[in-house]
Colleague: 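Take a look at this one; I'll ask things after.
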Amino acid sequence: MQNKKNPGKRRRLAGETTEFLLISLAVAVFTCFFLRYTSASIAETYLAEIGVELTPVRERVLEIWLGSICAVASGAVFLVLFLFMLGQRMAYLLKIIRGVDSLKENRMDARIPVEGNDELTELAERINRLAASEQELAGQEKRLAKERESWVRALSHDIRTPLTSLISYTQLMAAKQELDQTEMGSYIQLVEAKSEQIRELTDRLLGRGTRVEYDGNYEEKVPMKPAPTN
C-alpha cells in the first residue's frame, strides 16, 4: 500500500525496528502477566474443587512452575511478533530486489511498489525515478535515431538530384564533337554550380551545417536552386 506522507519526514529503519521491539516487548509483558494471573486463578479454582490443599513449599513450586510456563509463552509471543513485523520490512526489501531484476529483464519497463515511509520506501522511489528517466532517455534516443535516419534519407535524395544533372551535363559535353566558347563556358558554369550544391549537401550530411570554407575564408553559403537544364 502506497504511503502518501510527506517524503521529507521519513522514518528511520532503525527507529522502526526499535518500535517493533518495544511493541513486541509490551505485548509479551502483558501476555506474561495475563497468563500468570489467569493460570494461578485456574489452578486455585481446580485445587479447591478437588479438595487439595498445598503446603507452602508446594505452592512455591507451583508458582515457579506456572511462572516459568508463562515466561516461555511470553518469550515465544515476543519472538513471533517481533519477527513478523520485522519480516514485513525484510519481505519488502526482497520485493525491491525482485523489482530491480524485473527492471533489467523488461528494459526499465516496470515499477517497484512503494510501501511504508522509511529508507526502503525512499530507495524504491529513487529506483522508480531512475527507471522512468532511463526509459524516457531510451525513447528520446529512438526518436532521434528515426529523425536522423529520415534526415539522412532526405539529404541523400537531395544529393542524387544535382549529381544526376552533373552526370548528364558531362555526358552531353562528351557526346558533342565541337563546342564553341559560349557553350563551353555555359556547361562549365552549370557543372560548377552542381558541384558546389553537392558539396554543401555533403557538408550538411556530415554535420558541418551550411557554413563551408571557400578560398581560405568562411562565408555563409545559401543553398542554390537547381540550374535549368537545356
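When reading the values below, keep in mind they use all heavy atoms of this one structure, side chains included, and skip hydrogens, waters and symmetry mates.
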Colleague: According to side-chain hydrogen bond (donor to acceptor under 3.5 Å, both in side chains), does anything in residues 14-33 pair up with another residue at least two apart or in another chain? List the pairs.
Modeller: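 Non-adjacent pairs meeting side-chain hydrogen bond (donor to acceptor under 3.5 Å, both in side chains): R11-E19.
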Colleague: Any idea which heavy atoms bring R89 and T121 closest together, and the distance?
Modeller: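 Closest approach of R89 to T121: NH2-OG1, 3.8 Å.
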Colleague: Examine V29 and L35 and state if one hydrophobic cluster contains both, with Ile, Leu, Val, Met, Phe, Trp and Tyr joined whenever side-chain heavy atoms are less than 4.5 Å apart.
Modeller: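 No; L35 is not reachable from V29 via cluster members.
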Colleague: Residues two or more places apart in sequence or in another chain: which of them pass salt bridge (Lys or Arg N to Asp or Glu O under 4.0 Å) with E134?
Modeller: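 Listed in chain order: nothing, the list is empty.
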Colleague: Answer whether the closest heavy-atom distance between the side chains of M85 and L81 falls below 4.5 Å.
Modeller: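 A side-chain contact under 4.5 Å exists here.
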Colleague: How far does CD1 of I69 sit from CD1 of I64, to the nearest 0.5 angstrom?
Modeller: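 The CD1 atom of I64 is 12.5 Å from CD1 of I69, to the nearest 0.5 Å.
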Colleague: Going by atom type alone, with no hydrogens or angles, which donor-acceptor pairs under 3.5 Å involve a side-chain atom of residues 141-149 and a protein atom two or more places apart or on another chain?
Modeller:
| unit_1 | atom_1 | unit_2 | atom_2 | d |
| --- | --- | --- | --- | --- |
| E149 | OE2 | R153 | NH2 | 2.7 |

Colleague: Should I23 and F84 be regarded as members of a common hydrophobic cluster, given that ILVMFWY residues are connected when their side-chain heavy atoms come within less than 4.5 Å of each other, either directly or indirectly?
Modeller: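 Per the 4.5 Å side-chain linkage, I23 and F84 are co-clustered.
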Colleague: Under the side-chain hydrogen bond (donor to acceptor under 3.5 Å, both in side chains) test, which residues partner R36, sequence neighbours left out?
Modeller: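 So R36 forms no side-chain hydrogen bond (donor to acceptor under 3.5 Å, both in side chains) with any residue.
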Colleague: Examine L22 and L83 and state if one hydrophobic cluster contains both, with Ile, Leu, Val, Met, Phe, Trp and Tyr joined whenever side-chain heavy atoms are less than 4.5 Å apart.
Modeller: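 No, it is not one cluster - the side chains of L22 and L83 are not joined through contacts under 4.5 Å.
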Colleague: Okay, side chain of S41, backbone of Y37: is any donor-acceptor separation there less than 3.5 Å?
Modeller: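 Answer holds: no.
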Colleague: Run the side-chain contact (heavy atoms from CB on, under 4.5 Å) test against V72 and tell me which residues pass, sequence neighbours left out.
Modeller: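 Listed in chain order: nothing, the list is empty.
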Colleague: Does T38 have any side-chain contact (heavy atoms from CB on, under 4.5 Å) partners at least two apart in sequence or in another chain, and if so, which?
Modeller: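 So T38 forms a side-chain contact (heavy atoms from CB on, under 4.5 Å) with F34, I42.
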Colleague: Pairs of donor and acceptor atoms involving the side chains of residues 90-100, under 3.5 Å and at least two apart or interchain, shall be tabulated with distances.
Modeller:
| unit_1 | atom_1 | unit_2 | atom_2 | d |
| --- | --- | --- | --- | --- |
| Y92 | OH | P113 | O | 2.8 |
| Y92 | OH | E115 | N | 3.0 |
| K95 | NZ | E115 | OE2 | 2.8 |

Colleague: Return each pair, listed once, that meets salt bridge (Lys or Arg N to Asp or Glu O under 4.0 Å) where at least one residue sits in residues 63-80; pairs must be two or more places apart or across chains.
Modeller: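 Output for this query lists R60-E63.
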Colleague: Partners of R126 by salt bridge (Lys or Arg N to Asp or Glu O under 4.0 Å), sequence neighbours excluded?
Modeller: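 Expected list: E122.
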Colleague: Can you measure from CD (E200) to OG (S195) and round to the nearest 0.5 angstrom?
Modeller: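 These two atoms lie 11.5 Å from each other.
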Colleague: Are L25 and L86 co-members of a hydrophobic cluster defined by side-chain heavy atoms under 4.5 Å apart?
Modeller: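 They do share one cluster, since a chain of ILVMFWY contacts under 4.5 Å joins L86 to L25.
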Colleague: How would you list, by chain and number, every residue that makes a side-chain contact (heavy atoms from CB on, under 4.5 Å) with A131, sequence neighbours excluded?
Modeller: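 Partners of A131 under the side-chain contact (heavy atoms from CB on, under 4.5 Å) test: L103, M108, R111.
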Colleague: Tell me the closest heavy-atom pair linking L21 and F78, and the distance in Å.
Modeller: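 Taking every non-hydrogen atom into account, CD1-CZ, 3.3 Å.
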Colleague: My understanding is that only residues two or more places apart in sequence, or in another chain, count here; which of them pass side-chain hydrogen bond (donor to acceptor under 3.5 Å, both in side chains) with R58?
Modeller: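 By the side-chain hydrogen bond (donor to acceptor under 3.5 Å, both in side chains) rule, R58 matches no residue at all.
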Colleague: Using side-chain contact (heavy atoms from CB on, under 4.5 Å) as the criterion, list what pairs up with L62, not counting sequence neighbours.
Modeller: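 Checked L62 against side-chain contact (heavy atoms from CB on, under 4.5 Å); matches are A43, L47, L54, W65, L66.
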